[in-house]
Amino acid sequence: YVFYQSGITTVPVKLFANCTEIETLTSAFAYTSLVQIPSSLIQGCTKVTDLSYLFQNCKQLKSIPQGLFEGLTAVTNCNYLFSNCELITTIPAGLFTPMTEVTSTSMIFNGCASLTAIPEGLFDPFTKSTNFSGAFQNCATLKTVPAGLFKNLSLIHICEPTRQEAISYAVFCLKKK
């Protein structure tokens, strides 16, 4: 809750860089007015396990930088990570590449109303994740889902549908025309 509900719009490039003993960044920037995230914001925070709610409700945030989570190999919780970041339109490919210990991603992009696409292989590192409930719920402009989005997962209780109409509400809530 470091900057929770504060009026900050920008943060220094390496604000948390090399803070090697930090274990949780829960809600650190939630409900702020951040307009951008420096890619090296949390580099070197190798003991971080919890990123839940980190950027929740950053309604002015328009993009996610490539390499944001570089070196974060201990993370287990990404619940609500970018939830309600209404202006984000894209997710960088390989965003979660180093994060192989993640077990929960509930509501991770819920309410990202401007999100138009999901990169192929986005969840490939999440082989241990068992919870994707509401991951893309209320993403009204999301029109397609890449094949194999959940291909490396074996313990989740959702299936990978072949038709958009069959997509489980536990994962997606797509607007019907």
Side-chain angles (χ1 to χ4, degrees), residues 1-19 22-119 121-126 129 131-142 149 171-173:
Y1 294 91
V2 180
F3 298 103
Y4 182 81
Q5 291 187 335
S6 70
I8 63 168
T9 57
T10 60
V11 291
V13 173
K14 295 186 177 190
L15 183 63
F16 291 110
N18 298 313
C19 291
I22 290 178
E23 294 181 6
T24 182
L25 286 169
T26 302
S27 299
F29 298 101
Y31 292 88
T32 63
S33 298
L34 275 183
V35 293
Q36 75 176 57
I37 306 166
S39 63
S40 59
L41 179 67
I42 51 180
Q43 285 179 356
C45 298
T46 56
K47 290 186 180 178
V48 170
T49 59
D50 194 345
L51 294 178
S52 59
Y53 305 91
L54 182 59
F55 298 107
Q56 182 192 28
N57 273 59
C58 288
K59 295 188 183 274
Q60 303 304 311
L61 190 61
K62 294 181 181 178
S63 64
I64 303 168
Q66 186 75 38
L68 177 62
F69 302 121
E70 188 175 307
L72 300 185
T73 58
V75 175
T76 58
N77 188 347
C78 288
N79 291 336
Y80 292 85
L81 182 58
F82 291 102
S83 181
N84 293 316
C85 293
E86 297 172 347
L87 299 180
I88 290 175
T89 57
T90 60
I91 302 167
L95 178 65
F96 301 119
T97 298
M99 299 166 63
T100 59
E101 298 300 314
V102 173
T103 58
S104 191
T105 55
S106 175
M107 307 297 244
I108 192 167
F109 291 104
N110 167 56
C112 291
S114 300
L115 188 64
T116 58
I118 302 168
L122 179 66
F123 295 138
D124 282 0
F126 294 170
S129 190
N131 184 358
F132 281 88
S133 66
F136 295 98
Q137 183 176 319
N138 297 317
C139 293
T141 58
L142 186 61
L149 182 62
V171 180
F172 300 92
C173 186

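Since we're looking at a predicted model, the values are computed, not measured. Numbers here simply count residues along the sequence, with the first being 1.
Lys59 has its side chain within reach of Asn84: a pair of non-hydrogen atoms, C-beta onward, lies under 4.5 Å apart. For the pair Asn110/Phe136, no side-chain contact is recorded, criterion being any heavy-atom separation below 4.5 Å from C-beta on. In this structure, the side chains of Gln36 and Val11 stay at 4.5 Å or more apart for every pair of heavy atoms. You'll find the side chain of Leu149 reaches within 4.5 Å of the side chain of Ile118, heavy atoms only.
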Full working for side-chain contact (heavy atoms from CB on, under 4.5 Å) between Ser52 and Thr26: CA-CA 5 Å; Ser52 59; Thr26 302; 3.5 Å; yes
Between Leu95 and Phe69, does the side-chain contact (heavy atoms from CB on, under 4.5 Å) criterion hold? Intermediate values first, please. CA-CA 7 Å; Leu95 178 65; Phe69 302 121; 3.7 Å; yes
Intermediate values then yes/no, side-chain contact (heavy atoms from CB on, under 4.5 Å), Thr103 and Thr76: CA-CA 5 Å; Thr103 58; Thr76 58; 4.2 Å; yes
Check against side-chain hydrogen bond (donor to acceptor under 3.5 Å, both in side chains), Ser6 and Thr32: CA-CA 5 Å; Ser6 70; Thr32 63; 5.7 Å; no
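Exactly one residue among Ile64, Asn57, Leu61, Leu34 makes a side-chain contact (heavy atoms from CB on, under 4.5 Å) with Cys85. That residue is Leu61.
Distance check, rounded to the nearest 0.5 Å: CG of Leu51 to SG of Cys45 gives 9.5 Å. For the atom pair Gln137 CD and Leu142 CG, the distance stands at 12.5 Å (nearest 0.5 Å). With values rounded to the nearest 0.5 angstrom, Phe55 atom CZ is found 15.0 Å from Tyr31 atom OH. Considering CD1 of Ile88 and OG of Ser63, their distance stands at 7.5 Å, rounded to 0.5 Å. To the nearest 0.5 angstrom, Tyr1 atom OH is 4.0 Å from Ser27 atom OG. If you take CG on Leu87 and SG on Cys112, they are separated by 9.5 Å, rounding to the nearest 0.5 Å.
Nearest approach of Leu81 to Leu54, heavy atoms of both residues: CD1-CB, 3.6 Å. In this structure, Pro119 and Ala93 approach most closely via the heavy-atom pair CB-CA, 3.9 Å. What you find for Leu115 and Cys139 is that their closest heavy atoms are CD2-SG, 4.4 Å. Of all heavy-atom pairs between Leu122 and Pro125, the closest is O-CD, 3.7 Å. Nearest heavy atoms, Pro92 versus Gln66: CB-OE1, 3.1 Å. Shown here for Thr141 and Ser114, the closest heavy-atom pair between the two residues is OG1-C, 3.1 Å.
Between Glu23 and Lys47 there is no salt bridge, since no side-chain nitrogen of the basic residue lies less than 4.0 Å from a carboxylate oxygen of the acidic one.
Under the salt bridge (Lys or Arg N to Asp or Glu O under 4.0 Å) criterion, Glu101 pairs with Lys128, not counting sequence neighbours.
By the 30° and 60° cut-offs, the orientation of the rings of Phe123 relative to Phe126 is parallel. Under the 30°/60° scheme for interplanar angles, the aromatic rings of Phe109 and Phe96 are found to be tilted. Note on ring orientation: taking the six-membered ring where Trp is involved, the planes of Phe3 and Phe29 are parallel (angle under 30°, cut-offs 30° and 60°).
A side-chain donor-acceptor contact under 3.5 Å links Thr105 to the backbone of Asn131. A side-chain donor-acceptor contact under 3.5 Å links Ser40 to the backbone of Val13.
Inspection of the Ser104 and Asn77 side chains reveals no N or O donor paired with an N or O acceptor under 3.5 Å. Under 3.5 Å, the side chains of Ser106 and Ser133 contain a donor-acceptor pair of N or O atoms.
Residue pairs meeting the salt bridge (Lys or Arg N to Asp or Glu O under 4.0 Å) criterion with at least one partner in residues 1-15, sequence neighbours excluded, are absent.
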